Amino acid sequence: MPIVGNALRIPRDRPSEFFQEVAARHPGGLYRMEILDRSVVFVYDPDLVTELCDETRFYKPVDAPLSIVRDFAGDGLFTARGDDQIWGQAHRILLPAFGQRSMKAYFPQMLEVAEALAAKWATADEVDVPADMTRLTLDTISLTGFGYRFRSFESPELHPFLRSMGNALTEAMVRNQQIPLVTRMKRRADEAYRADIARMRELVDEVIRERRAGGDGGTGGAGGVTDLLGLMLEAADPRTGERLPDENIRDQVLTFLIAGHETTSGLLSFAIYNLLRNPHVLAQAYAEVDRLLPGDTVPTYETIMKLDVVPRILEETLRIWSPIPSIGRAPREDTVIGGRYPLAKGTKCVVLLPPLHRSPKAWDRPEEFDIDRWLPENKAAHHPHAYKPFGNGERACIGRQFALTEARLALALVLQRFAVSDPEAYRMEIKQTLTVKPDNFTIRVRPRKPSE
Ligand code: HEM
């Protein structure tokens, strides 16, 4: 249609599923769609994606919807423009907080939060998996990253920060499919959006204020390793010698609060869903946990790193249900992909992860949940660019190890302590904001007896 293009055809609450349905009708591996004033090329053929992943030819563009998310995440790592000096500066300052040594140092705090989840589940019969995984991941990033306690498991309601964040992300998605004139006319929605952003910023200011008042530089509970906020407040960029401006520290704290929990809670929820649908894998996981964590053995970082089945469950979950359903790319110059599809410089390209991760060109029995794909001998044969749950190149996820350490621990602890079942045989319903996760997913949990 004139002006709006295909925008009205895209359902607001499930755009990703819509783009996948279109992909299923176009097995060639790419299609182009006009959305508002943009011409967007969707790509999911593994070989074409390989070209898009070439950093010398393509980059991550910060256009809609990320340019809208900038309203609240500003120049945080996720939404900063790659050619902007502040991105490189923050990336170099923060990188040390994501190394192996830091993961080990964060472990006691990750365990403290995972224990809070287990304590809640020990007294429950039915649990809302995504809601509790959200509590877990939000509390973990805020405690390990900023020394701040949300204490989410103490309240029946999710923290108000999450409501504001959910509202703001939803509004950002609405704006993504709306012409700017309509956005400007919707005064009420705009006021609510501004109020949600202000509430999130108040929380961020409180987090920073608490740290400054404590004056410990952020090495407190994290085993002598400076945490994210400590680095941002104290460290200088090794290249320029400059520190991060206060305004940018706020953007980064908010970015980490969002990026550091939304996705990992989705991963854990999808993982439990997959285990319930695949009882033979669940049995394998129980056997591994019983071997490495018998009885009520307290998990250590070293034991968690010895797990083999649990991390393969996570890898396969990220293939079948990627919490971030797409990543954006754009050509640096006019170019041609696949030898015949011309792309003008700056064309918005979207790599659709679900059809890429299930492409028959790259995966045998793509719809099957098979954790043996991730055995080292099978991994070596994978297509090099058919699996991108953490993005690509220099803008790939900085929190990958953090997420996988946290998720290994949480899943292992759940399996050590609980028999999980879903008598209602839950059918997957996807809830989408910037990420996707299961909606209305409740399961039954019972404390395990040693023989179960
Ligand atoms: C970037 C996925 C967990 C922080 C990304 C990107 C993806 C991703 C796909 C690239 C986005 C793009 O190209 O636009 C995931 C998944 C996670 C996860 C699937 C969990 C299973 C985390 C955690 C943190 C984090 C735990 C923080 C502790 C970030 C940040 C960026 C990012 C800051 C932006 C990096 C940059 O551009 O410099 N993530 N993420 N993520 N992620 Fe994650």
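All values derive from a computational prediction rather than experimental measurement. Whatever order the structure lists ligands and atoms in, that order sets their numbers, starting from 1. Only this structure's heavy atoms are used, side chains among them; waters, hydrogens and symmetry mates stay out.
Looking only at side-chain heavy atoms (C-beta outward), Arg135 and Leu117 stay at 4.5 Å or farther from each other.
With hydrogens left out, the protein atom closest to atom 19 (C) of ligand 1 is Pro389 O, 3.5 Å, a heavy atom. Of all protein heavy atoms, the one lying nearest to atom 21 (C) of ligand 1 is Leu267 CD2, 3.7 Å. Atom 13 (O) of ligand 1 has its closest protein heavy atom at Ile327 CG2, 3.6 Å.
Applying the side-chain hydrogen bond (donor to acceptor under 3.5 Å, both in side chains) criterion to Asp54, with sequence neighbours excluded, gives Thr56. Under the salt bridge (Lys or Arg N to Asp or Glu O under 4.0 Å) criterion, Arg201 pairs with no residue at all, not counting sequence neighbours.
Below 30°, between 30° and 60°, or above 60°: for Phe150 and His159 the angle between ring planes is above 60°, a perpendicular geometry.
Checking only distances, Trp87 does come within under 3.5 Å of ligand 1, N or O to N or O. At a 3.5 angstrom cut-off on N or O pairs, Arg395 counts as close to ligand 1. Between Lys60 and ligand 1, at least one N/O pair is under 3.5 Å apart.
Distance CE/Met200 to CD1/Ile258: 5.0 Å, rounded to 0.5 Å. Atom CH2 in Trp121 sits 7.5 Å away from atom CZ in Phe418 (nearest 0.5 Å).
Inspection of the environment of atom 43 (Fe) of ligand 1 yields the following protein N, O or S atoms under 2.8 Å: Cys397 SG.
At least one heavy atom of Ala396 lies less than 4.0 angstrom from ligand 1.
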Pair Phe78, Trp87 - check ring pair (Phe, Tyr, Trp, His ring centres under 6.0 Å), show working.
CA-CA 9 Å; Phe78 199 76; Trp87 175 82; over 10 Å; no

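Considering each of Ile141, Leu314, Leu268, the one bringing a non-hydrogen atom nearest atom 28 (C) of ligand 1 is Ile141.
Within the structure, the side chain to side chain donor-acceptor pair (under 3.5 Å) test picks out the following pairs touching residues 248-259 (sequence neighbours left out): Asp205-Arg250, Asn248-Gln252.
Remark: ligand 1 atoms within the under-4.0 Å shell around heavy atoms of Phe98 are 28 (C).
Screening His382, Glu316, Glu315 against Arg373 for a side chain to side chain donor-acceptor pair (under 3.5 Å) leaves a single residue, Glu316.
Salt bridge annotation for Arg57-Glu55: absent, with no cationic side-chain nitrogen under 4.0 angstrom from a carboxylate oxygen.
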